[in-house]
Amino acid sequence: DAVLTLDGIEKRYNPGAPSEVTVLRGASLTVAAGELVALVAPSGAGKSTLLHIAGLLDTADAGRVLLAGQDMTRLSDRRRTQARRADIGFVYQLHHLLPEFTAAENIVLPQLAAGVPQAKALDRARMLLDSVGLDRRAGHRPGALSGGEQQRVAVCRALANAPRLLLADEPTGNLDPGTSDTVFAALLSLVRDTGLAALIATHNLDLAARMDRTVRMAAGRLT
Ligand code: ADP
Ligand code: ADP
């Protein structure tokens with residue numbers, strides 16, 4: 001039961017211009033429910049491009065993106081946006097939390113946007129924070145949290161609407177090794193608890209070794 005299928009993805013930037021660059025040349029990949037896949041490649045290899053295409057934030061020049069078996073490349077922009085909001089959670093290197101809202105509110109807001117009643121959204125935010133050891137930080141604003149705590153809140157926010165797929169771009173890239181470990185452990189336990197499919201770009205080979213599988217990117221392809 002594949003959650004994400006990338007099939008022959010090709011992507012080039014600035015076609016026809018002197019600055020033309022071909023980043024993806026037939027990249028293919030499948031991530032199953034409950035599977036945690038590491039995406040390892042040197043900087044500039046195209047990891048962010050691949051994650052943006054997988055996350056329906058950008059489109060490929062050729063190839064197909066399937067979410068739970070459904071071909072997303074055939075959908076309208078509006079339907080793709082709906083699918084992204086319902087099915088995909090993102091974590092970035094920087095937390096991108098809203099500074100004027102508390103940790104819990106940052107996790108409540110995407111649920112309200114999805115039509116979840118406030119009390120239920122708050123319950124879920126508390127449950128998620130609890131599961132990453134941040135129950136006592138629910139009422140803190142991001143500025144009052146450490147880097148590792150901020151990033152754990154960002155992981156909870158990505159899971160707020162119970163997506164099928166988690167995409168993360170160097171989620172611990174900005175943290176020291178000990179903190180990075182704590183954040184990764186939180187991410188790992190949430191993925192294991194929820195049966196989510198996860199694709200996580202990382203430079204950290206120790207973290208990659210703790211995932212189910214490592215996919216390497218070279219010359220625009222995945223191996
Ligand atoms: P990574 O995440 O592995 O560092 P990226 O996907 O960010 O790699 O970038 C891959 C290549 O594509 C790089 O050469 C980068 O300069 C180029 N690139 C990325 N985004 C754009 C863009 N919007 N326009 C032109 N070139 C881009
Ligand atoms: P919202 O429901 O708040 O309008 P969007 O549909 O715009 O959210 O975005 C959904 C997810 O995609 C969010 O996690 C957001 O951070 C991320 N996102 C949106 N646009 C971009 C972009 N251009 N580059 C990277 N991530 C993006």
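Just so it is clear, the structure is predicted and the values come from calculations on it, not from any experiment. Throughout, residue positions are numbered sequentially from 1 according to the sequence presented. The basis for the numbers below is simple: all heavy atoms, side chains too, and nothing from hydrogens, waters or symmetry mates.
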Next item on the list: Inspect the contact between Arg192 and Asp212 and indicate whether a charged nitrogen and a carboxylate oxygen are less than 4.0 angstrom apart.
Entry: yes
Next item on the list: Find out whether Asp181 and Arg210 are in side-chain contact, i.e. whether some heavy atom of one side chain is under 4.5 Å from a heavy atom of the other.
Entry: yes
Check: Heavy-atom distance under 4.5 Å between the side chains of Leu129 and Asp135, does that happen here?
Finding: no
Item checked: Any donor-acceptor pair under 3.5 Å from Arg124 side chain to Ala160 backbone -> yes
Check: Parallel, tilted or perpendicular: which fits the ring planes of His96 and Tyr92, with parallel below 30° and perpendicular above 60°?
Finding: perpendicular
Item checked: Basic-acidic side-chain contact under 4.0 Å: Glu100, Arg141 -> no
Next item on the list: Check for a donor-acceptor pair, side chain of Asn106 on one end and backbone N or O of Leu98 on the other, with a separation under 3.5 Å.
Entry: yes
Item checked: Leu29 and Val31, any side-chain heavy atoms less than 4.5 Å apart -> yes
Next item on the list: Determine, using the 4.5 Å side-chain heavy-atom cutoff (strictly less than), whether Met127 and Val108 are members of one ILVMFWY cluster.
Entry: no
Notebook entry, point to check: Backbone N or O of Thr172 within a donor-acceptor pair of the Asn204 side chain at under 3.5 Å?
Noted result: no
Notebook entry, point to check: Any link between Leu134 and Val91 through a network of hydrophobic side chains (Ile, Leu, Val, Met, Phe, Trp, Tyr) touching at under 4.5 Å?
Noted result: yes
Margin query: If hydrophobic clusters are built by linking Ile, Leu, Val, Met, Phe, Trp and Tyr wherever their side-chain heavy atoms come under 4.5 Å apart, do Met211 and Val215 end up in the same one?
Written below: no
Check: Under 3.5 Å, side chain of Ser146 to main-chain N/O of Glu149, donor-acceptor pair present?
Finding: yes
Next item on the list: Identify whether Leu6 and Met72 are in the same connected component of the hydrophobic contact network (ILVMFWY, side-chain heavy atoms under 4.5 Å).
Entry: yes
Next item on the list: Return the minimal non-hydrogen interatomic distance between Ser28 and Gly8, and the atom names on each side.
Entry: OG-N, 2.8 Å
Note to self: Measuring only between side-chain heavy atoms, which start at C-beta, is Lys11 closer than 4.5 Å to Ile53?
What the structure shows: yes
Margin query: Please check this pair: side chain of Glu10 against backbone of Gly63, looking for a donor-acceptor N/O pair closer than 3.5 Å.
Written below: no
Item checked: Salt-bridge criterion met for Arg12 and Glu20 (N-O under 4.0 Å) -> yes
Note to self: Using a 6.0 Å cut-off, check whether atom CZ of Arg126 has over 12 heavy atoms from anything other than its own residue.
What the structure shows: no
Checklist line | Carboxylate-amine/guanidinium contact Lys120 Asp123, below 4.0 Å | finding: no
Notebook entry, point to check: Crowded around Arg164 CZ? As in, over 12 foreign heavy atoms under 6.0 Å?
Noted result: no
Check: Going through the checks in order, is the side-chain hydrogen bond (donor to acceptor under 3.5 Å, both in side chains) test met by Ser19 and Tyr13?
Finding: CA-CA 8 Å; Ser19 57; Tyr13 290 110; over 6 Å; no
Item checked: side-chain hydrogen bond (donor to acceptor under 3.5 Å, both in side chains) assessment of Asp71 paired with Thr73 -> CA-CA 6 Å; Asp71 190 346; Thr73 40; 2.3 Å; yes
Check: Are Leu145 and Val132 linked, directly or through other ILVMFWY residues, by side chains that come within less than 4.5 angstrom of each other?
Finding: yes
Checklist line | Heavy-atom pair with the smallest gap, counting every atom of Val116 and Ala121 | finding: CG1-N, 3.8 Å
Next item on the list: Measure across Leu167 and Ala54 and return the closest heavy-atom pair with its distance rounded to 0.1 Å.
Entry: CD1-C, 3.9 Å
Checklist line | His95 backbone acceptor or donor facing Arg157 side chain under 3.5 Å | finding: yes
Item checked: Expected output: side-chain Thr81 to main-chain Asp77 donor-acceptor under 3.5 Å -> yes
Note to self: So Leu159 and Pro163, do their side chains get closer than 4.5 Å, heavy atoms only?
What the structure shows: yes
Next item on the list: Please report the closest heavy-atom contact between Arg25 and Ala219, naming both atoms and the distance.
Entry: CD-O, 3.3 Å
Check: Any side-chain heavy atom of Leu75 sitting closer than 4.5 Å to one from Gln70?
Finding: yes
Next item on the list: Report yes if some heavy atom in the side chain of Arg74 is under 4.5 Å from a heavy atom in the side chain of Arg79; otherwise report no.
Entry: no
Notebook entry, point to check: Is the closest side-chain heavy-atom distance between Leu109 and Gln111 below 4.5 Å?
Noted result: no
